[in-house]
Amino acid sequence: MKPQNAVITEVIHETPTITTLKTDIKLDALPGQFGMVWVRGLDEVPMALSHPDGITVQRVGEATAALSDMQVGDSIGIRGPFGNGFELKGNRIMLIAGGVGGAPLLPLARLAHSKGLDLTIVIGARTGDELLFEQQFSQCGSVSVATDDGSKGHHGLITELMNQFDLESFDQCYVCGPELMMKGVLNMLQARGIETHSQFSLHRYFKCGIGVCGACTIDPSGQRVCKDGPVFQGDMLIYSELGKYHRDATGKKIVY
Amino acid sequence: MKPQNAVITEVIHETPTITTLKTDIKLDALPGQFGMVWVRGLDEVPMALSHPDGITVQRVGEATAALSDMQVGDSIGIRGPFGNGFELKGNRIMLIAGGVGGAPLLPLARLAHSKGLDLTIVIGARTGDELLFEQQFSQCGSVSVATDDGSKGHHGLITELMNQFDLESFDQCYVCGPELMMKGVLNMLQARGIETHSQFSLHRYFKCGIGVCGACTIDPSGQRVCKDGPVFQGDMLIYSELGKYHRDATGKKIVY
Amino acid sequence: MVKTDLSVELTGLALENPTILAAGVLGTTGSSLKRMANSGAGAVVTKSIGIEPKVGHPNPTMFKLDCGFLNAMGLPNPAYKEFRGELDIAKEGGVPVIASVFGAHPDEFSEIIAGLDGADAYELNVSCPHAIGYGAVVGTDPVLVEEITRAAKQAASVPVWVKLTPNVTDIVEIGEAARKGGADAVVAVNTVRGMAIDIHSGYPILGNRFGGLSGAAIRPVAVKCVYDLYQALDIPVIGVGGISKWQDAVEMMMAGARAVQIGSAVFDSIDVFNDVTAGLARYLASHSMVLDDIIGLAHRKVGL
Amino acid sequence: MVKTDLSVELTGLALENPTILAAGVLGTTGSSLKRMANSGAGAVVTKSIGIEPKVGHPNPTMFKLDCGFLNAMGLPNPAYKEFRGELDIAKEGGVPVIASVFGAHPDEFSEIIAGLDGADAYELNVSCPHAIGYGAVVGTDPVLVEEITRAAKQAASVPVWVKLTPNVTDIVEIGEAARKGGADAVVAVNTVRGMAIDIHSGYPILGNRFGGLSGAAIRPVAVKCVYDLYQALDIPVIGVGGISKWQDAVEMMMAGARAVQIGSAVFDSIDVFNDVTAGLARYLASHSMVLDDIIGLAHRKVGL
Ligand SMILES: Cc1cc2nc3c(=O)[nH]c(=O)nc-3n(C[C@H](O)[C@H](O)[C@H](O)COP(=O)(O)OP(=O)(O)OC[C@H]3O[C@@H](n4cnc5c(N)ncnc54)[C@H](O)[C@@H]3O)c2cc1C
Ligand SMILES: Cc1cc2nc3c(=O)[nH]c(=O)nc-3n(C[C@H](O)[C@H](O)[C@H](O)COP(=O)(O)OP(=O)(O)OC[C@H]3O[C@@H](n4cnc5c(N)ncnc54)[C@H](O)[C@@H]3O)c2cc1C
Ligand SMILES: Cc1cc2nc3c(=O)[nH]c(=O)nc-3n(C[C@H](O)[C@H](O)[C@H](O)COP(=O)(O)O)c2cc1C
Ligand SMILES: Cc1cc2nc3c(=O)[nH]c(=O)nc-3n(C[C@H](O)[C@H](O)[C@H](O)COP(=O)(O)O)c2cc1C
Ligand code: FES
Ligand code: FES
């Protein structure tokens, strides 16, 4: 499909580096699915659909800066929804969001809450100001917070915070955040033998976004993050490149 | 659409020059619709779908000769159904078939009969042997026959035979046959002011068969016989080229 | 509601709207051309007319694919003498009538143009991909294209458009040859060479074995050709290839087309001209733009 | 039920079935190539690899159209030194691995081939339509194609295939140049040049503005190219372009392809190789034919 035109209707500054853009179009997406967001004349980048009609962008480079600076009335192109999305399983679930990783998890939290599920949500950030969607998540379940600098909640890593819970008591864990954090979470789950009860949303360099070009495939399965993912069950990732390396736009391996 | 493959399952010699080919495919056609019948390696010609699974061919030239000589197990290609087909109107109807013009009218007779309509069927041919579908038509309504040589039925033109009927008493007349015969019928209906109650199936040189190339358009309306037709209401034809001229494969006018 | 103005001046011709019936489609007779004018076409192009009558290739001559259409008509036409009278009837449609002309060398083009007097413009078909000794052979040679255009310009007292084939390594080279020969506009594109085979039997489906691809399948090809020609030439480009919706017309005009031709899409409906025109008008009104704003817009967006 | 034999000998390589993963599609990594081998491909072709790392064009680099796909990846690749290791992983898939190679002149091709030792064959991409200074520029010049092929043949101890662009006036001329240079097979076709414009903004959609059309839209174009090449050359032709169903593979083989490559159709399902193979087997069985019976059948039907 060609990109749909989406006009910005609302700009919400969530944190000093993260901005939500609401638009005039709704995409009928599953939680965890993404869109290819086109900043015309510049670049097209994958973004989780944090809202049916919106995305939540962390400023990291050129395209995300342009998005973060958009005003109401500006427009972008969106192709999607793409990818598989999260699958709700069980009654008692945990969501683990690191930084902008909260973006794909917010619609999941809302869906789970609307179905009456018991939600425990662990969110982490570098610093208190950067916590994403704390308030929105609170409306869906009980929220625990960790910050690297201790400015809010637990001082330290999300994984340390997770240790305070009886992880085996959750039917499913849903995870999105920086790769090394996700690797840490996966290790914890694996240590407890419950990695099959987890779903991770991965990040790789996307070109086509539709499963054809191969830019986003991961080793050793050859699975395409854009089409077979971005959500993978934890056990599928154990012997994978996750946390070891990823590839840049040329296809070259970049070691973490 | 590409041609469908149709394997000949039955060959019926209807008259010395007319043959019905039954095939292993059924086309869901309205009476009066046609198919483009491909004799591979030779030509593709329009043929009324005289049966859901068959056509009825008069030997006139190369393609029709090849079709007439086909054996069970041979195959042809068919694109279709194309064109508009006849529209059943009223309770008491007359069918007027000259020669192979009976081909598009047979499925109409069968449909009308199945709906309990009152059918009067007038069929004509050069000679008695060449009368097409006399028996099949008899199962649908009362049949009158005219032959040019008087070998069967009325000796003379179909139009003379029609004079024996109270034409105004029919809700609709359906006509297919040689062009000058059709023109004669149209004149008769027009003289009685009932040309709006008639439908004529026309014959013009077809190339594309799907309304794009323009080979089959008639003057002065520019209507396409293959797509807007082949069936036209009588009044649409009064000031037309019908009976005056048609065009050959180059587009040149050939005067009748 | 104010009616949006879609009129466009094209090589001196005044078109009420920028949609034109493409050559070879419903252009066999004057009546058919008139009907298309009455169906909303801003101008109509005749079937390509030659010097001698031609019956064209054996059937099948055209069929629909999942994506687009294939045809190999083989330039059937009754020759210009026989066709001349159709022009007068076509002109009763009240829109410019463009005579499409094909030949094997410059003199033939001149002779036909002289014989088909009364057309509002001529479109030189130097691009038919499936007529032996004509068409593609002619249209792939820039020297010949320039000569033919020059001869046609001399013979004609009205504008001359040159219709280009996409089946060349560099369409701009041919477009430049046409411009040098004096073309008032180029028309891009004719069909893309293609072929389909009947898998039940192994026979090529077209009577001519191969032919030209048209319809939605070739729109991206046409858009690219129009884009390149607009960038290279200082004469108008008329875009044709796969237009069936108003969105397609907008895209083609943004690529640089001053007007568009529509061919295969009459398959779906001959109302396509009215539909495209209505959509264009709505688009322009809702964006507060006029036609000139969208013509070539893609070039201005990327800063040429 | 006896399993129909679909194995085919192709330039000395033994393929279990005649479906091959096309270059640039899911061929960025060894694991991905291996996965496609496991999904039923009879052989796999890598992403085109060059001499220097390239990030390729900015996104959007590919999207789906109503008819086909447009892409302008811009030959992203990590250069042959970095890629060498992926070949070994790919070979674990158990099917022939063909390294696709691109460059600007003969020496580059030689250097890359020497560096990418271990491939079962090389496919020379002289046809990418959207890499400045590479690809189409190279692939449209018969002299250069012949030289590149000759240099590649000298550097390689395994078969060399040459992949052709359809964006030329006469693909047979280029195919003949490849054959003269010693090509073991030609592969036809690469993408057809094309472009699409975003009508909401006027921007060309592809980051590179224009790119290559693939998928169903180009199948008739590819079939025609394969038909012509089969007729003209005495080396095998490998058909690629728009194949997504077994019927498409039958058609391409009837046109003359000894094997087929499948690219864009992985969009619908990576099971496409198994599906096409299963359909081919059913077709042959029900017609009591073997693969050789359908290869080039369209030529035999019309008596060449
Ligand atoms: C499935 C998925 C969902 C995502 N969802 C979100 C989200 O909801 N919110 C958010 O802020 N970010 C999200 N991202 C990350 C986002 O795509 C990158 O931050 C963005 O592409 C950076 O672009 P840039 O031009 O600003 O940065 P650049 O300066 O171009 O690059 C910075 C880094 O961003 C990443 N990046 C750049 N281009 C791409 C690309 N085409 N594909 C993937 N990564 C790229 C690379 O790691 C690169 O090193 C998601 C990524 C994926 C794969
Ligand atoms: C809508 C329609 C339905 C028809 N239904 C039947 C039918 O059910 N049974 C039947 O026997 N005939 C039917 N015909 C006529 C039939 O198409 C021609 O008899 C046939 O095309 C002759 O082909 P040929 O090669 O045998 O003859 P040729 O020697 O090629 O030509 C003899 C004459 O047949 C006509 N003809 C040839 N090719 C075509 C063509 N492509 N399109 C139209 N006419 C052509 C011309 O008048 C020509 O002068 C129908 C025609 C039309 C338009
Ligand atoms: C049935 C048919 C006949 C055609 N005949 C001609 C012709 O005689 N002369 C010509 O220049 N182009 C001819 N064309 C090409 C069209 O004018 C047009 O360039 C092409 O079909 C692409 O446009 P489309 O996709 O809108 O059909 C023909 C096309 C079709 C489909
Ligand atoms: C995303 C994408 C990337 C491609 N990259 C290459 C490439 O690197 N080298 C090459 O020779 N062809 C490349 N191609 C062309 C394909 O190999 C193939 O020739 C073309 O897509 C037509 O086949 P298809 O219709 O099955 O996709 C690419 C095609 C696509 C869609
Ligand atoms: S980004 Fe192209 S396959 Fe995933
Ligand atoms: S035969 Fe082509 S329009 Fe009727």
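No hydrogens, no waters, no symmetry mates; every other heavy atom, side chains included, goes into these values. As the structure is a prediction and not an experimental result, all values here were calculated from the model.
When the shell of 6.0 Å around NZ of D:K245 is examined, it contains more than 12 heavy atoms from other residues, nucleotides or ligands. By the neighbour-count criterion of 12 heavy atoms within 6.0 Å, atom NZ of A:K89 is densely surrounded, having more than that number from other residues, nucleotides or ligands. At most 12 heavy atoms of other shown residues, nucleotides or ligands fall within 6.0 angstrom of atom CG in D:D66. Surrounding CD of A:E62 are at most 12 heavy atoms belonging to other residues, nucleotides or ligands under 6.0 Å away. Surrounding CZ of A:R110 are more than 12 heavy atoms belonging to other residues, nucleotides or ligands, all under 6.0 Å away.
Interface remark: of the candidates D:S264, D:P53, D:S201, D:S201 forms the most heavy-atom pairs closer than 4.5 Å to chain A. Counting heavy-atom pairs closer than 4.5 Å to chain A, the top-ranked of the candidates D:T61, D:I199, D:D198, D:L65 is D:D198. For the options D:S32, D:P58, D:P60, heavy-atom pairs under 4.5 Å to chain A are most numerous at D:P60. Heavy-atom pairs under 4.5 Å with chain A were tallied for D:V266, D:I205, D:V25; the largest tally goes to D:I205.
Listed here is the closest heavy atom pair of D:N59 and A:E44: ND2-O, 3.0 Å. When all heavy atoms are compared, the tightest approach of D:S31 to A:P220 is CB-O, 3.4 Å. Pairing each heavy atom of D:A196 with each of A:K2, the nearest pair is CB-CE, 4.3 Å.
You'll find the side chain of A:K253 reaches within 4.5 Å of the side chain of D:E86, heavy atoms only.
Residues of residues 187-218 of chain A lying under 4.5 angstrom from chain D, judged on non-hydrogen atoms, are A:F206, A:K207, A:C208, A:I210, A:G211, A:V212, A:C213, A:G214, A:A215, A:T217, A:I218 in numerical order. Among residues 26-36 of chain A, the residues having any heavy atom closer than 4.5 Å to a heavy atom of chain D are, in sequence order, A:M36.
A distance of 10.0 Å separates CD1 in D:I270 from NZ in A:K227, rounded to the nearest 0.5 Å. To the nearest 0.5 Å, atoms OG1 (A:T250) and CD (D:E52) are separated by 11.5 Å.
Heavy atoms closer than 4.5 Å to chain A are found in the side chain of D:F69, but not in its backbone. Looking at A:R247, the atoms closer than 4.5 Å to chain D (heavy atoms on both sides) all sit in the side chain, from C-beta outward. Proximity to chain D is limited to the side chain of A:R79, based on heavy atoms less than 4.5 angstrom apart. Of the atoms belonging to A:S75, not a single heavy atom falls under 4.5 Å from chain D.
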Item to check | Residues A:Q223, D:R35; criterion side chain to side chain contact (heavy atoms under 4.5 Å, CB included); working and verdict | outcome: CA-CA 8 Å; A:Q223 298 265 316; D:R35 183 185 187 203; 3.5 Å; yes
